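Heads up, the thing below is written out as C-alpha cells.
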Amino acid sequence: MIQKIKKLLEIYKRERYFENVQDVPSPKIGISPKEKKRLTESTTFQQETAQVFGLDFAFSHGPSLLHSLEEIFGEDIYLFENDNDSPYIIDCGANIGVSLLYFQRKYPKAKILAFEPDENIFNILEKNINTFQHPSTEIRQEAVWIKDEDLQFYSEGGLAGSCVTDFAKKNQVITVKAVDLKKFLQQPVDFLKIDIEGAENTLIFDIADSLTNVKNLFLEYHGILDEEQNLGEILNLLKSKGFEYYIRVAGETIIHPFCNEKPKAFNQQLNIFCYRKK
C-alpha cells in the first residue's frame, strides 16, 4: 500500500510539474508553451493580445506572431556587432513590431526609424510601441519606395501585405503613402532591414548608390511569380557596393523544382545577410 501511495504521489508531482511549466515563458522567445499553443490555434485575422516577455503584445494573426518570435528572437536573425552602444537602425517593413522589440532589447540605446504602410497593421504597431515605451523609436505609416507617391497595396492582415503581389488572394486593395527611401540613407546606418514582400526587387537598385552608408543590410528576397528572376543582378549589386553576403532559405516555395511545380506567390524566398569584411 505504501509503495502504491508513493507511486501515486510521484505521478501527481510529475503532472503538477508539467502543468506549471506550461505557464513559464521561454527566456529565448518570451512566451510560455500554453501561449504558444494558443497562438498556433489563433488563425483568424482579428486583433488580440499575447503575453510576450511579460508585455501585453497586440497581434492580428497568431501563427504570424509565433513565426516572427521564433525567427527573430529564437534564431537571432537580426543580431549584429556594433562599435558603439547607440546604433542607428532603419526597419523597412516593421509589421506589428516584433523586430522593434528585438532591437530595443538587444540595443537599448539605439535610434530606430521604422516604416509600416498598412493602416490596420500600423495601428497595432503603434499600440505595441506605446507598450515598449522606447523614446528613440520613430514609426511612420509609409511604404519605402523609389519616390514619394501613393501606391496600391494588397493588405493581407498578417505578415504578407505587399505593393507588388496579392499573396493571400484576398483582393483587399488599399492606397498607401510611399516615401523615397534614399532620403533616409544620407547618413551612416548601422543596420538596414528590408522586408517588403517583393518590392525590394525594384527598391534595391534605386538605393544602390546610398548603400555605401550602410554597414549591415538584411534583405528578404522574394522572387515574383511570372516575372524574370533577378537574384543574380541583386547579388552582383551587393558585391559591387562592398558587401559580402550569406544566403539562407526563409521559406520553402517549391518542393520539387524538376517536376514543373508552380509556387503560389513567390518562386523564391530568401534571407540575405549583407555585411562588410573586417
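Since the model is a prediction, treat every value here as computed from it, not as a measurement. Counting begins at 1 with the first residue of the sequence.
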*Determine, for Arg38 against Glu48, whether the closest basic-nitrogen to carboxylate-oxygen distance falls under 4.0 angstrom.*
yes
*Under the salt bridge (Lys or Arg N to Asp or Glu O under 4.0 Å) criterion, do Lys37 and Glu35 qualify, and how do the steps go?*
CA-CA 5 Å; Lys37 183 176 184 294; Glu35 196 74 305; over 6 Å; no
*asked:* Show, in sequence, the C-alpha distance, side-chain angles and deciding distance for Lys177 and Asp148, and conclude whether the salt bridge (Lys or Arg N to Asp or Glu O under 4.0 Å) test is met.
replied: CA-CA 8 Å; Lys177 180 182 178 182; Asp148 296 342; over 6 Å; no
*Mind listing the closest non-hydrogen atom pair of Leu185 and Asn213 along with its distance?*
O-ND2, 2.7 Å
*asked:* To check you understand the geometry: which heavy-atom pair defines the closest contact between Ser210 and Gln186, and what is its length?
replied: OG-NE2, 3.4 Å
*Does Lys239 NZ have over 12 foreign heavy atoms under 6.0 Å away?*
no
*Non-hydrogen atoms of Asp91 and Lys193 that approach each other most closely*: OD1-NZ, 2.8 Å
*Cut-off 3.5 Å, side chains only: do Thr137 and Gln104 have a donor facing an acceptor?*
yes
*In terms of hydrophobic clusters joined by side-chain contacts under 4.5 Å, are Leu203 and Val179 together?*
yes
*Does atom CD of Glu81 have more than 12 heavy-atom neighbours, drawn from other residues, nucleotides or ligands, at distances under 6.0 Å?*
no
*Would you call the rings of Phe184 and Phe115 parallel, tilted or perpendicular, where under 30° means parallel and over 60° means perpendicular?*
perpendicular
_Flag if over 12 foreign heavy atoms under 6.0 Å of NZ, Lys182_ = yes
_Is it the case that the side chains of Glu200 and His222 hold a donor-acceptor pair, with the cut-off being a distance below 3.5 Å and no angle test?_
yes
*asked:* Would you say Gln141 and Asn123 are linked by a side-chain donor-acceptor pair, where the criterion is simply a distance under 3.5 Å?
replied: no
*Mind running side-chain hydrogen bond (donor to acceptor under 3.5 Å, both in side chains) on Asn271 and Glu71 for me, showing each step along the way?*
CA-CA 11 Å; Asn271 288 338; Glu71 183 178 49; 3.3 Å; yes
*salt bridge (Lys or Arg N to Asp or Glu O under 4.0 Å) assessment of Lys28 paired with Asp76*: CA-CA 10 Å; Lys28 187 68 173 176; Asp76 281 311; 2.7 Å; yes
_If you compare all heavy atoms of Ala178 against all heavy atoms of Trp145, which two are closest, and at what distance to 0.1 Å?_
CB-CB, 3.8 Å
*Side-chain contact test, heavy atoms from C-beta onward, threshold under 4.5 Å: evaluate it for Leu113 versus Arg140 and give yes or no.*
yes
*Ion pair present between Asp209 and Lys241, side-chain N to carboxylate O less than 4.0 angstrom?*
yes
_Can you confirm whether Lys111 sits close enough to Ile89 that some side-chain heavy atom of one is under 4.5 Å from a side-chain heavy atom of the other?_
no
*Mind checking whether Ile254 and Ile224 sit in one hydrophobic cluster, side chains of I, L, V, M, F, W, Y counted as touching below 4.5 Å?*
no
*Return the minimal non-hydrogen interatomic distance between Phe243 and Arg276, and the atom names on each side.*
CZ-NH2, 3.2 Å
*Are more than 12 heavy atoms from other residues, nucleotides or ligands located less than 6.0 Å from atom CD of Gln187?*
yes
*asked:* Checking side-chain polar atoms at under 3.5 Å, does Asn128 have a donor or acceptor matched by the opposite partner on Asn130?
replied: no
*asked:* Taking the six-membered ring for Trp, are Phe191 and Phe103 closer than 6.0 Å centroid to centroid?
replied: yes
*Sub-3.5 Å donor-acceptor pair from the side chain of Glu261 to the main-chain atoms of His256, do we have one?*
yes
*Taking atom NZ of Lys109 as the centre, report whether more than 12 heavy atoms of other residues, nucleotides or ligands fall under 6.0 Å from it.*
no
*Taking atom types as modelled, find out whether Asp150 and Thr175 have a side-chain donor-acceptor pair closer than 3.5 angstrom.*
no
*asked:* Would you call the rings of Phe273 and Tyr246 parallel, tilted or perpendicular, taking 30° and 60° as the class edges?
replied: tilted
*Does the side chain of Gln51 pick up a donor-acceptor pair with the side chain of Asp56 at under 3.5 Å?*
yes
*Walk me through it: do Phe80 and Tyr107 pass the test ring pair (Phe, Tyr, Trp, His ring centres under 6.0 Å)?*
CA-CA 10 Å; Phe80 65 94; Tyr107 314 99; 4.5 Å; yes
*Compare all side-chain heavy atoms of Ile247 with those of Leu235 and state whether any distance is below 4.5 angstrom.*
yes
*asked:* Before you tell me yes or no, could you show the steps for Asp180 and Lys147 under salt bridge (Lys or Arg N to Asp or Glu O under 4.0 Å), namely the whole-Å CA-CA distance, both residues' side-chain angles and the distance that decides it to 0.1 Å?
replied: CA-CA 4 Å; Asp180 187 346; Lys147 60 181 178 179; over 6 Å; no
*Return the minimal non-hydrogen interatomic distance between Ala94 and Ala114, and the atom names on each side.*
CB-CB, 3.9 Å
*Report yes if the side chains of Gln47 and Ile124 come closer than 4.5 Å at any heavy-atom pair, otherwise no.*
yes
